Amino acid sequence: MADGEDVMRVGRRCFTSNLSWRTSWQDLKDAFRPCGNVVYCNIIKDSQGRSKGWGIVEFETPEEAVNAINTMNGTELGGRTIMVREDREDRDVKQYNAENGIEAPPTRGRGRGGRGGRGGRGGAAASTEGGEDAAPAAESTGTQVVVHGLPWSYTWKELRPIFEDCGTITRADVVYGRDGRSRGYGTIQFSSPEEAQAAIDQFNGTELEGRTMSVKIDQFG
């Protein structure tokens, strides 16, 4: 294993906390825009639609994320002094460390949001990790959750990072109809029922892009 100083700590995403309850995702994006090209921005909300006081800002490059951390940490936004650091759940960081055999430092969990959508399984195919269709299970293992309410543009590559802080993910799928369009839901397979329940506790009823997400145990997975 490489020395700790070799661990890639900053990807393209920043974790921003101590936000004012009135700060919207647009306010956050506008504040970080001078630091680089913001490709994704979200304020996390609870089941009542109220801000939890933290959010994620993703840039086009890691250099822009570093610039944002150095520039924005400790500054004032919406009347509050915000804290900005690397997002320790950044998928680029995890991929780099995994490919180089580096053990990253442990992280603390947190929640993230989603959006409302449509359900149903008949006649659907799945966009999966590795490009293979997910095999149906004979009965529920209690380790897989169904996530309804995904943005129509989401693939498993966007779905998986949202849930990575809940536990070890063994598979992530987004379901498509015969017309090749997303059906607005997907599945996440964890390594244990406890991790699946943690995902439900953190994400069920939370919001992303103005839509409410439903997360439940998959009775067929």
Side-chain angles (χ1 to χ4, degrees), residues 8-94 104-117 147-154 157-167 169 188 198-215:
M8 179 182 178
R9 297 182 182 276
V10 180
R12 296 181 294 132
R13 295 195 294 184
C14 299
F15 175 73
T16 308
S17 59
N18 201 38
L19 298 174
S20 166
W21 312 122
R22 298 184 301 273
T23 298
S24 68
W25 69 267
Q26 188 65 60
D27 296 330
L28 188 61
K29 181 175 182 177
D30 289 343
F32 279 77
R33 200 188 301 272
C35 299
N37 182 26
V38 178
V39 297
Y40 171 86
C41 186
N42 186 38
I43 297 289
I44 308 309
K45 297 181 180 180
D46 62 20
S47 59
Q48 304 301 315
R50 296 172 296 198
S51 169
K52 289 187 174 183
W54 66 273
I56 296 293
V57 181
E58 181 174 340
F59 291 92
E60 190 171 20
T61 68
E63 290 76 18
E64 292 172 337
V66 171
N67 182 37
I69 294 170
N70 294 333
T71 302
M72 299 298 295
N73 185 45
T75 60
E76 186 174 298
L77 177 62
R80 301 186 69 170
T81 301
I82 64 173
M83 292 177 286
V84 184
R85 62 165 172 77
E86 76 281 6
D87 179 12
R88 294 170 186 151
E89 300 300 324
D90 188 287
R91 55 184 176 271
D92 293 335
V93 175
K94 288 192 170 185
T107 62
R108 298 175 62 183
R110 61 174 187 271
R112 239 172 263 189
R115 121 168 207 197
V147 185
H148 287 281
L150 299 176
W152 308 117
S153 61
Y154 268 36
K157 293 181 180 179
E158 287 76 36
L159 176 62
R160 178 178 178 128
I162 297 175
F163 286 83
E164 284 181 336
D165 55 341
C166 295
I169 295 175
I188 299 287
I200 294 172
D201 293 342
Q202 289 191 32
F203 294 112
N204 186 45
T206 57
E207 293 190 0
L208 173 66
E209 300 176 6
R211 307 297 290 270
T212 302
M213 180 167 64
S214 169
V215 183

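The structure displayed is predicted, hence computed values, not measured ones.
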Trainee: If I compare all heavy atoms of H148 with all of M213, which pair ends up nearest, and what's the gap?
Mentor: O-CG, 3.4 Å

Trainee: Test side-chain contact (heavy atoms from CB on, under 4.5 Å) on R80 and T23; report intermediate values, then the result.
Mentor: CA-CA 10 Å; R80 301 186 69 170; T23 298; over 6 Å; no

Trainee: Given C14, which partner from the list V66, V38, N73, I69 fulfils the side chain to side chain contact (heavy atoms under 4.5 Å, CB included) test?
Mentor: I69

Trainee: Kindly indicate, with the supporting measurements, whether the criterion side-chain contact (heavy atoms from CB on, under 4.5 Å) is fulfilled by F15 and I56.
Mentor: CA-CA 5 Å; F15 175 73; I56 296 293; 4.1 Å; yes

Trainee: Between atom CZ of F163 and atom CD of Q202, what is the distance when rounded to the nearest 0.5 Å?
Mentor: 9.0 Å

Trainee: To the nearest 0.5 Å, tell me how far Y40 OH sits from R13 CZ.
Mentor: 7.5 Å

Trainee: Looking only at heavy atoms, which two atoms of S20 and S51 are closest? And how far apart?
Mentor: O-OG, 4.4 Å

Trainee: For C35 and F59: C-alpha separation, side-chain torsions, deciding distance, then whether side-chain contact (heavy atoms from CB on, under 4.5 Å) applies.
Mentor: CA-CA 9 Å; C35 299; F59 291 92; 4.1 Å; yes

Trainee: Working to the nearest 0.5 Å, report the span between CH2 of W25 and CG of D30.
Mentor: 8.5 Å

Trainee: Under the rule for side-chain hydrogen bond (donor to acceptor under 3.5 Å, both in side chains), what residues qualify as partners of S24, not counting sequence neighbours?
Mentor: D27

Trainee: Rounded to the nearest 0.5 Å, what separates atom CD1 in I43 from atom CH2 in W21?
Mentor: 10.5 Å

Trainee: Name all pairs fulfilling the salt bridge (Lys or Arg N to Asp or Glu O under 4.0 Å) condition that reach into residues 62-79, sequence neighbours left out, sorted by first residue then second.
Mentor: none

Trainee: Can you see which heavy atom on I162 is nearest to which on F203, and at what distance?
Mentor: O-CZ, 3.1 Å

Trainee: Drop me the distance from L28's CG to L19's CG, to the nearest 0.5 angstrom.
Mentor: 6.0 Å

Trainee: Return the CD1 to CD1 distance between I169 and I188, rounded to the nearest 0.5 Å.
Mentor: 5.0 Å

Trainee: Are the side chains of V57 and M72 in contact, using a 4.5 Å heavy-atom criterion?
Mentor: no

Trainee: Work out which heavy atom in N204 is nearest to a heavy atom in V215; give both atom names and the distance.
Mentor: OD1-N, 3.0 Å

Trainee: In chain order, what residues pass the side-chain contact (heavy atoms from CB on, under 4.5 Å) check against R50, with sequence neighbours excluded?
Mentor: D46, Q48

Trainee: Could you pull out the closest heavy-atom pair between P161 and K157, with the gap in Å?
Mentor: CD-O, 3.0 Å

